[in-house]
Protein chains: 2
Amino acid sequence: MRGYGQFCPVAQALEVIGERWTLLVVRELLCGSTRFGELVRGVPLMSRSVLADRLRGLESAGIIERKARSSGRGQSYELTQAGRELGPIVEGCGVWGQRWARRKLSVEQLDAGLLMWDIRRSLNHEALPKTPTLIEFRLRGAGRGQSRYWLRIEPQEIDLCLTHPGFEVDLTVRASLRELTKVWLGDIPLTHTLRDGSVELDGPQRLRRAFPKWLKLSGFAKVERP
Amino acid sequence: MRGYGQFCPVAQALEVIGERWTLLVVRELLCGSTRFGELVRGVPLMSRSVLADRLRGLESAGIIERKARSSGRGQSYELTQAGRELGPIVEGCGVWGQRWARRKLSVEQLDAGLLMWDIRRSLNHEALPKTPTLIEFRLRGAGRGQSRYWLRIEPQEIDLCLTHPGFEVDLTVRASLRELTKVWLGDIPLTHTLRDGSVELDGPQRLRRAFPKWLKLSGFAKVERP
DNA sequence: CAGTATCCGATGCGATACTG
DNA sequence: CAGTATCGCATCGGATACTG
């Protein structure tokens with residue numbers, strides 16, 4: 001039996017959004033992802049077939065619409081009004097999770113690619129350097145092939161690169177993946193890690209000074225802990 | 001693989017509360033149920049073994065505490081602070097469900113026992129008669145053995161009876177299960193159904209007049225529809 | 001790249017029976 | 001009443017391969 005067989009609106013909502021993975025897909029869409037590949041990247045452990053299945057479910061529930069993309073192949077997935085109104089629920093889950101579900105940050109939870117993607121997504125554009133700048137991240141304790149990332153900052157574009165783009169690095173950020181994740185989540189203040197050296201910056205003072213300005217943390221970093 | 005393997009607080013919350021049935025159990029607890037049997041009644045299609053399993057999960061997640069009950073056997077399940085803070089999420093699901101997930105009210109969703117239990121639970125105590133009163137509900141279209149209920153109203157106690165308590169009925173409420181459910185959910189105004197006769201009251205004018213006062217509807221009945 | 005189709009193993013969960 | 005133990009099937013979902 002699929003559903004809950006209840007007329008209660010809570011049960012009816014959960015029949016639609018309560019399935020495994022579904023709300024994480026919605027979270028990705030709320031964060032701005034629109035393409036299949038972006039969703040795969042944002043929810044790495046979900047298989048593509050399950051993602052396709054969930055997208056069908058979300059569409060038939062009226063939460064997303066597929067639209068043909070003007071450029072390139074494939075579709076664009078966009079939240080409908082019903083989908084956007086799931087925002088407060090996702091937000092509520094995040095706040096609750098930050099307060100009550102963060103007992104341990106296990107090794108399996110750490111994911112350099114995800115962290116860098118989050119960082120890239122939420123950069124404070126106003127504070128970024130106005131001239132082309134290359135920033136390298138070196139992460140200790142990340143899996144093989146996951147320890148180096150480059151943020152290529154151009155006036156109108158920001159790229160996260162997995163291979164060295166070729167030109168000169170202006171600022172290097174060194175940290176353990178675990179520490180940087182904790183900073184991102186608001187568990188440790190960035191200023192603290194800069195002072196004790198667990199996050200090191202290497203480059204001209206101008207960029208070192210600006211770094212804390214353009215690195216925005218997780219939207220839940222400031223949630224008050226119990 | 002059990003979890004989502006992500007450090008994102010949303011994912012971490014969903015690892016705990018995202019499992020099938022779990023949030024419905026929390027909803028019941030938020031509504032005031034504390035005993036195993038009450039939970040079984042509130043979530044009828046969930047098997048007892050799964051309920052026991054979910055209760056273990058909720059306990060180890062710090063969302064509920066089991067306490068020995070002073071009177072009688074068995075335990076009492078009570079929400080912790082973490083559990084009570086799930087209120088906004090459950091509420092959010094209900095609101096969203098009321099707005100977007102109520103396409104059809106299928107026959108399987110109708111459940112006279114659940115509806116009567118909800119009605120009993122949310123009666124407006126102030127407006128109830130101060131003298132002992134017996135109210136009979138006769139529901140058309142309910143399954144066998146589900147078509148008659150009695151609310152026994154005493155100054156300090158309200159009982160929902162499945163068999164006639166033996167003494168005289170003061171007010172009879174006749175309606176189809178579907179109509180009464182729609183009224184409960186806010187889909188039709190009660191006044192409307194009283195006027196067109198789809199909900200009939202039989203008894204002294206005093207009680208007929210008071211009926212709409214003490215019948216409180218679902219907490220989501222007044223949610224604005226899109 | 002953006003998915004779809006198929007397969008098969010794990011497990012979730014409902015049914016039933018049992019206990020104090 | 002308040003659960004627990006066991007079993008067996010359905011389905012979920014991950015892996016792999018395939019298509020336009």
Side-chain angles (χ1 to χ4, degrees), chain A residues 1-6 11 14-25 28-29 33-60 64-78 108 117 159-160 162, chain B residues 1-6 11 14-25 28-29 33-60 64-78 108 111 113 117 159-160 162:
Chain A
M1 177 252 323
R2 294 277 42 214
Y4 297 113
Q6 289 190 228
L14 290 173
E15 291 203 11
V16 179
I17 60 170
E19 237 176 344
R20 188 166 149 80
W21 296 115
T22 298
L23 226 43
L24 289 183
V25 175
E28 277 307 298
L29 292 163
S33 296
T34 59
R35 310 171 46 155
F36 194 87
E38 290 174 328
L39 296 171
V40 168
R41 170 166 39 190
V43 196
L45 267 53
M46 179 171 50
S47 73
R48 303 170 81 80
S49 30
V50 174
L51 173 57
D53 183 69
R54 291 300 181 274
L55 288 171
R56 275 190 291 272
L58 286 168
E59 187 184 15
S60 81
I64 61 172
E65 287 172 343
R66 328 165 92 90
K67 296 184 176 168
R69 308 184 66 251
S70 48
S71 71
R73 217 129 48 283
Q75 325 248 35
S76 164
Y77 301 92
E78 296 177 22
E108 309 89 66
W117 186 244
D159 251 350
L160 177 64
L162 309 181
Chain B
M1 176 250 327
R2 294 277 42 221
Y4 297 112
Q6 289 191 227
L14 289 173
E15 292 203 10
V16 179
I17 59 169
E19 237 176 344
R20 187 165 149 82
W21 296 116
T22 298
L23 225 44
L24 288 183
V25 174
E28 276 309 296
L29 292 162
S33 296
T34 60
R35 310 170 46 155
F36 195 85
E38 291 174 327
L39 296 171
V40 168
R41 171 166 37 191
V43 197
L45 267 54
M46 179 172 48
S47 75
R48 302 170 81 80
S49 32
V50 175
L51 173 57
D53 183 68
R54 291 301 181 273
L55 287 171
R56 277 190 291 272
L58 286 168
E59 188 183 14
S60 82
I64 62 173
E65 287 172 343
R66 328 164 91 90
K67 295 184 176 169
R69 306 181 66 248
S70 49
S71 70
R73 219 137 37 283
Q75 325 248 34
S76 165
Y77 300 92
E78 295 175 25
E108 309 89 67
D111 184 322
W117 187 245
D159 251 351
L160 176 64
L162 309 181

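Within every chain, numbering begins at 1; the chains are lettered A, B, ... in the order of the sequence lines, protein sequences first and strands thereafter.
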Q | CZ-CG distance between R41(A) and L160(A), expressed to the nearest 0.5 angstrom | A | 7.5 Å
Q) At what distance, to the nearest 0.5 angstrom, does CG of L39(A) lie from CZ of R48(A)? A) 10.5 Å
Q. Could you state the CZ-C1' distance from R66(B) to dA2(D), rounded to the nearest angstrom?
A. 10 Å
**Q.** I64(B) and V25(B), any side-chain heavy atoms less than 4.5 Å apart
**A.** no
Q: Report the residues that fulfil side-chain contact (heavy atoms from CB on, under 4.5 Å) with T34(B), sequence neighbours left out, ordered by chain and then residue number.
A: E38(B), S76(B)
Q: Carefully, step by step, assess L14(A) and W21(B) under the rule side-chain contact (heavy atoms from CB on, under 4.5 Å).
A: CA-CA 9 Å; L14(A) 290 173; W21(B) 296 116; over 6 Å; no
Q) Think R56(B) has a side-chain N or O under 4.0 angstrom from the OP1 or OP2 of dT4(D)? A) yes
Q: Search all heavy atoms of R20(B) against all heavy atoms of R54(B) and return the closest pair with its distance.
A: O-NE, 2.9 Å
Q. Where along residues 48-55 of chain A does a heavy atom fall under 4.0 Å from DNA chain C?
A. R48(A), S49(A), A52(A)
Q.
Measuring only between side-chain heavy atoms, which start at C-beta, is M46(B) closer than 4.5 Å to L24(B)?
A. no
Q.
What residues from residues 35-43 of chain B pass a heavy-atom cutoff of under 4.0 Å to DNA chain C?
A. none
(Q) Please evaluate residues V16(A) and T22(A) with respect to the criterion side-chain contact (heavy atoms from CB on, under 4.5 Å), reporting the C-alpha separation (whole Å), side-chain torsions for both, the decisive distance (0.1 Å), and the verdict. (A) CA-CA 9 Å; V16(A) 179; T22(A) 298; over 6 Å; no
Q: Please identify each residue that fulfils side-chain contact (heavy atoms from CB on, under 4.5 Å) with S49(A), with sequence neighbours left out.
A: S47(A)
Q) Got a sec, which residues hit salt bridge (charged side-chain N to carboxylate O under 4.0 Å, His left out) with E108(B), two or more places apart in sequence or on another chain? A) none
Q | L45(A) CG to dC12(D) C1', straight-line distance once rounded to whole Å | A | 16 Å
(Q) Could you tell me how far apart M46(B) (CE) and dG12(C) (C1') are, to the nearest whole angstrom? (A) 14 Å
Q) Backbone N or O of Y4(A) within a donor-acceptor pair of the E15(A) side chain at under 3.5 Å? A) yes
(Q) At 4.0 Å (heavy atoms only), tell me whether R69(A) reaches a base, stays on the sugar-phosphate, or touches nothing. (A) nothing
(Q) In this structure, which stretches of DNA chain D are paired as stems of three or more consecutive Watson-Crick or G-U pairs, both distances less than 3.5 Å? (A) C:1-20 with D:1-20
Q: Take atom CZ of R20(A) and atom C1' of dG12(C), then tell me their distance rounded to the nearest Å.
A: 12 Å
(Q) Output the rounded distance in Å from OH (Y4(A)) to P (dG12(C)). (A) 14 Å
Distances for protein N/O vs nucleotides 18-20 of chain C N/O pairs under 3.5 angstrom?
none

Q.
dG3(C), OP1 or OP2 - any side-chain N/O from Y77(A) closer than 4.0 Å?
A. yes
Q: Report the residues that fulfil side-chain contact (heavy atoms from CB on, under 4.5 Å) with L162(A), sequence neighbours left out, ordered by chain and then residue number.
A: Y149(A)
Q | side-chain contact (heavy atoms from CB on, under 4.5 Å) partners of R66(B), counting only residues at least two apart | A | R56(B), E59(B), Q75(B), Y77(B)
